[in-house]
Amino acid sequence: MNSKTVWGFRQYWGWVLLLALTHFTSDFYNNFLPPMLPFLVDTMHISLTTGGLLAMVYAITSCLLQPFFGYWVDRQGATWPLLATIPGSAFFICLSGEAPSPLFLFLLVAVAGTVSSVFHPLASALVARVTDPSHRAFSMSLFISGGNIGFAVAPALLTGYLSTWGLESLWFLFFPALALAAACLASRLHLVPLRDQHQFAFKEDTTAPSWYRSKPLLLLNTAMTLRCWTQVAFLTFLPLLLPLWGASAAMGGTFLTVYLLGGALGSFCGGWAGDRWGHARCIQGCLLLALTSLALFLFSSSLSWLAWILIFLGGAGLQGSLPSSIVWAQTILPQNAAMASGMMLGLTFGLGGVGAAISGAWADLWGIPVSLAVSLFPLLLASVLLHRIPSPNLIGK
């Protein structure tokens, strides 16, 4: 079904923009935990180890569970859970500021992450559903850019809010998510089915290989996991690298924001490039941009204006490949679009975090600059793997 024809041009783009706004909101709340940790340490007297375990629990529940919930979404074919996931995740993460004990805090964080892991595959499958095929990667880029911007601005905004009002006022931030859920309800977005009427008696296509037997999908997932390794390594250790070059902690945080904003712009431009030049070429070009920019950034070892540009371009290259990878995965698994999205959005990022832990061990052995330099090699391996995947036969190729 062509949504542009059936639902009309205005509604088609309106839904895409609304889904981008929901992703902005979801990822805004998803990045609450890091800026909350210093306040939790002060008020609840938790250790840094406990803080690290909280981050691990949230990463597992919000990322690694996405393919499983994506499979459930594909089987159900319903989109009404969208109305519950947006305020649900916000409610539990905002309530964590009032947790009476560390155990209850872990429970709230885990539930918030689990609800978030339902949202991402469902919303990304909806983007593909309501979008004209010739603009699918561009629409996906709008959706991803919304999330990247929300993720990037959350630390600065939340730190300022908590410094002024404290953790006991965190629950007030739940209401914007509730208002957005009401907007989704008014738009009737939750009534858009993921499958046409004749597909509701859904049966597995026995002629198509299962996801675990699909070599192209597994190669694409591995390549994107390697990309995320580099991405998460720089996200984690960039604030620790800059002080070694003579920067303040605040300057390190600013560089991190520039890196994340570069990713937001990259994801926006990457979708347009994927529709225009093909998704395989777009991903390869983005990986090359990221590899070159980040290598030059590390080689410069300075805080010049060029370093700002290079870290921005590095973030743009890493995130610019994401829209095309999602559309490519959905093409490989057309009957499981939500599951494919969960693999690209969540599973790869979660597994990439495991790689970043290896980079942390390297940093202890050789130092942060050498560790980040070695962490660029996964991008080379990802590029090699992509050459072994048949190019997607998509409109806009």
Side-chain angles (χ1 to χ4, degrees), residues 15-16 18-33 58-76 78-90 92-93 109-131 136 139-152 154 177 180-181 184 189-190 192 194 211 221 224-225 228 231-232 263-264 267 271 319 321-330 333 336-353:
W15 275 340
V16 170
L18 181 59
L19 285 166
L21 181 59
T22 62
H23 198 194
F24 171 93
T25 307
S26 177
D27 279 14
F28 178 76
Y29 291 106
N30 275 352
N31 208 18
F32 267 29
L33 188 58
Y58 195 81
I60 291 173
T61 54
S62 64
C63 294
L64 297 184
L65 294 182
Q66 284 191 33
F68 302 99
F69 284 114
Y71 180 78
W72 175 80
V73 167
D74 289 323
R75 298 286 295 182
Q76 296 298 316
T79 52
W80 62 263
L82 182 74
L83 301 178
T85 58
I86 300 168
S89 179
F92 288 105
I93 197 66
V109 167
V111 175
T114 301
V115 176
S116 175
S117 68
V118 179
F119 165 81
H120 283 85
L122 171 58
S124 55
L126 260 176
V127 172
R129 176 62 174 158
V130 304
T131 303
R136 188 165 293 165
S139 297
M140 195 65 71
S141 72
L142 290 174
F143 173 75
I144 294 171
S145 296
N148 287 338
I149 295 172
F151 195 84
L180 184 58
C184 290
L189 181 60
H190 65 291
V192 178
L194 290 183
W211 66 268
N221 191 80
M224 292 300 99
T225 296
C228 286
Q231 181 181 4
V232 178
S267 61
Q319 277 294 97
S321 61
L322 186 55
S324 287
S325 71
I326 294 175
V327 175
W328 195 347
Q330 289 176 341
L333 282 184
N336 298 99
M339 181 180 180
S341 302
M343 294 180 75
M344 293 299 107
L345 277 171
L347 183 62
T348 58
F349 195 83
L351 294 178

**OP:** Could you please spell out the steps behind the side chain to side chain contact (heavy atoms under 4.5 Å, CB included) verdict for Met343 and Met224?
**Re:** CA-CA 9 Å; Met343 294 180 75; Met224 292 300 99; over 6 Å; no

Between [atom1] on residue [X] and [atom2] on residue [Y], distance to nearest 0.5 Å:
X      : Y      : atom1 : atom2 : result
Leu19  : Leu142 : CG    : CG    : 10.5 Å
Phe24  : Asn148 : CZ    : CG    : 11.5 Å
Phe28  : Leu180 : CZ    : CG    : 12.5 Å
Met339 : Phe68  : CE    : CZ    : 7.5 Å
Leu347 : Leu65  : CG    : CG    : 10.0 Å
Leu82  : Leu18  : CG    : CG    : 8.0 Å

Subject >> Any donor-acceptor N or O pair under 3.5 Å, side chains Thr61, Thr114 >> reply: no

Original post:
Among side-chain atoms of His120 and Asp27, is any donor-acceptor pair under 3.5 angstrom?
Top reply: yes

Exercise: identify the closest heavy-atom pair between [X] and [Y]:
X      : Y      : result
Asn31  : Ala154 : CB-CB, 3.9 Å
Met344 : Ile326 : CB-CG1, 3.7 Å
Ser117 : Ser62  : CB-O, 3.7 Å
Ser267 : Ile144 : CB-CG2, 3.6 Å

Compare all side-chain heavy atoms of [X] with those of [Y] and state whether any distance is below 4.5 angstrom.
X      : Y      : value
Gln319 : Gln231 : yes
Val16  : Ser139 : yes
Leu64  : Phe349 : no
Leu189 : Thr79  : no
Pro81  : Trp72  : yes

Could you tell me whether the side chain of [X] and the main chain of [Y] form a donor-acceptor pair under 3.5 Å?
X      : Y      : result
Ser89  : Ala112 : yes
His23  : Gly146 : no
Ser26  : Thr22  : no
Ser145 : Ala264 : yes

**OP:** Would you please indicate yes or no on a ring centroid separation below 6.0 angstrom for Phe32 and Tyr29?
**Re:** yes

